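Shown next, in structure tokens, is the structure this report addresses.
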Amino acid sequence: MVGKMNKIVLAYSGGLDTSIILKWLQESYGCEVVTFTADLGQGEELQPARAKAEMLGVKDIRIVDLREEFVRDFVFPMLRANALYEGQYLLGSSIGRPLIAKHLVAIAREVGADAVAHGATGKGNDQIRLELAVNALDSSIRVIAPWRRWNFRSRIQLLEYATKHQIPVPKDKRGEAPFSIDANLLHTSTEGKILEDPAEVAPEYIYQRTVDPIDAPDTPQTVTIGFESGDPVSVNGEAMTPATLLTELNRIGGRHGIGRLDLVENRFIGMKSRGVYETPGGTILLAAHRGIESITLDRAASHLKDEIMPRYAELIYNGFWFAPERDMLQALIDRSQAFVSGEVTLRLYKGCASVISRTSPRSLYSADLVTFEESSLAYDHHDAEGFIRLNGLRLRSWAARKGT
Ligand code: ARG
């Protein structure tokens, strides 16, 4: 025994690793373990998780469909910010963790558990995200991270433990360690094995939800996305719920090889890591959202959003979704979105999602102001002369001093 607990809620995927964790918790703490399996749209059948948990003696098994909550309350608010970590990563795994933590805490309170447990390893970002979220939601709940506690030192020892406890080990898991894959409605992320050498080109077989752009259809496809107050609400004129909409864009985008990213990133814990991401629907939505903002946001509002975006993205990457500063930035972002409504059409073609038109009932765009043709009232060319003369004043002083 490594400690005294009365009940533990485990984030349980039904896979080999969390099944081993489940057994290990039961043995080490000698208490009841409640399992929580979340459907975030990872595309796996979740009923096998129930059967496995039952087999391992779990009495309270929770399997919850969180797809709508995930997209509505986590993905869309993040999309309003156009969030990208290190300029490229759409944060697909990062944004899933606070939601899982939220439900772990809710179940722990409901069943009177004093701890929650998770299967994230000791080198990654996910342990930080889960645990910081739990800390921010309930200071009384403890977190158990078996990967950091147990004495298994190799994959072989883990597999031996599984066999000893009649935990089924899938055939393909007997040999080499598998890729570390994390999937939800926003993305699939693949890390480990051959990808650990950033000089190695990622083999085609690792991709799961996108075709190689080279093999994508030779005919482009257009798609129109409707926005209301910053959030996407329809595809090609058809209103959809958040999760349905993202599922549909994943399907369309995947066909055209949209949203692949091969990235070396800086983990919060300190090391660099290389991952391959597939975010077809998210990539389309980011381009579309920027498209609708381009005609509906004021310049200074838009630039302010862009200034805080890297900070906001880093907070999400580092696991501070439930921290007060993320909340404050979110309020700023949300405040900017009231008039971000209208439609954006994109052309999808061989890995690219390009905006080709945008319209909005709340547009700030003025053809009359910008036209090269003769136009009316609001603009006097002479004003530009004074504008440039005053902006150039200090530059002329500066240039004169240089003596050029
Ligand atoms: N590197 C990415 C991130 O930190 C993905 C992590 C994926 N998690 C996993 N269990 N493979 O957000």
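What you see below is based on every heavy atom in this structure, not just the backbone, and it leaves out hydrogens, waters and symmetry mates. It should be emphasised that the depicted structure is a prediction, and the values quoted were computed from it without experimental measurement. Along the sequence shown, the residues carry numbers beginning at 1. Both counts, for ligands and for their atoms, begin at 1 and track the order of listing.
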Pick from Y85, Y89, Y317: the one approaching atom 12 (O) of ligand 1 most closely through a non-hydrogen atom: Y89
Sub-6.0 Å ring centroid separation between W321 and F74: yes
Numbered atoms and elements of ligand 1 in range of E265, under 4.0 angstrom, heavy atoms: 1 (N), 2 (C), 3 (C), 4 (O)
Sub-4.0 Å atoms of ligand 1 with respect to non-hydrogen atoms of S189: 5 (C), 7 (C)
Heavy atom of the protein closest to atom 11 (N) of ligand 1 (residue, atom name, distance): S180 OG, 2.8 Å
Lys/Arg N to Asp/Glu carboxylate O, D114 vs R142, below 4.0 Å: no
Between T210 and E278: side-chain donor-acceptor atoms closer than 3.5 Å: yes
Shortest protein heavy-atom distance from atom 2 (C) of ligand 1, along with the residue and atom involved: Y277 OH, 3.1 Å
Residue N125 vicinity, atoms of ligand 1 by number, heavy atom under 4.0 Å: 3 (C), 4 (O)
Shortest non-hydrogen separation from V344 to V355 and the atoms involved: CG1-CG1, 3.8 Å
Option of least heavy-atom distance to atom 1 (N) of ligand 1 (set: E191, R274, R267, R129): E191
Residue S93 vicinity, atoms of ligand 1 by number, heavy atom under 4.0 Å: 5 (C), 6 (C), 7 (C), 12 (O)
Test item, S94 contacting ligand 1 (heavy atom, 4.0 angstrom): yes
Close approach, S273 and ligand 1, non-hydrogen under 4.0 angstrom: no
Side-chain donor-acceptor pair present, S273, R267, cut-off under 3.5 Å: yes
Modelled atom types, side-chain donor and acceptor of T222 and T345, under 3.5 Å: no
R389 with E385: basic N within carboxylate O range, under 4.0 Å: yes
Protein contact to atom 8 (N) of ligand 1 [nearest heavy atom, distance to 0.1 Å]: D126 OD2, 2.8 Å
Modelled atom types, side-chain donor and acceptor of N125 and Y317, under 3.5 Å: yes
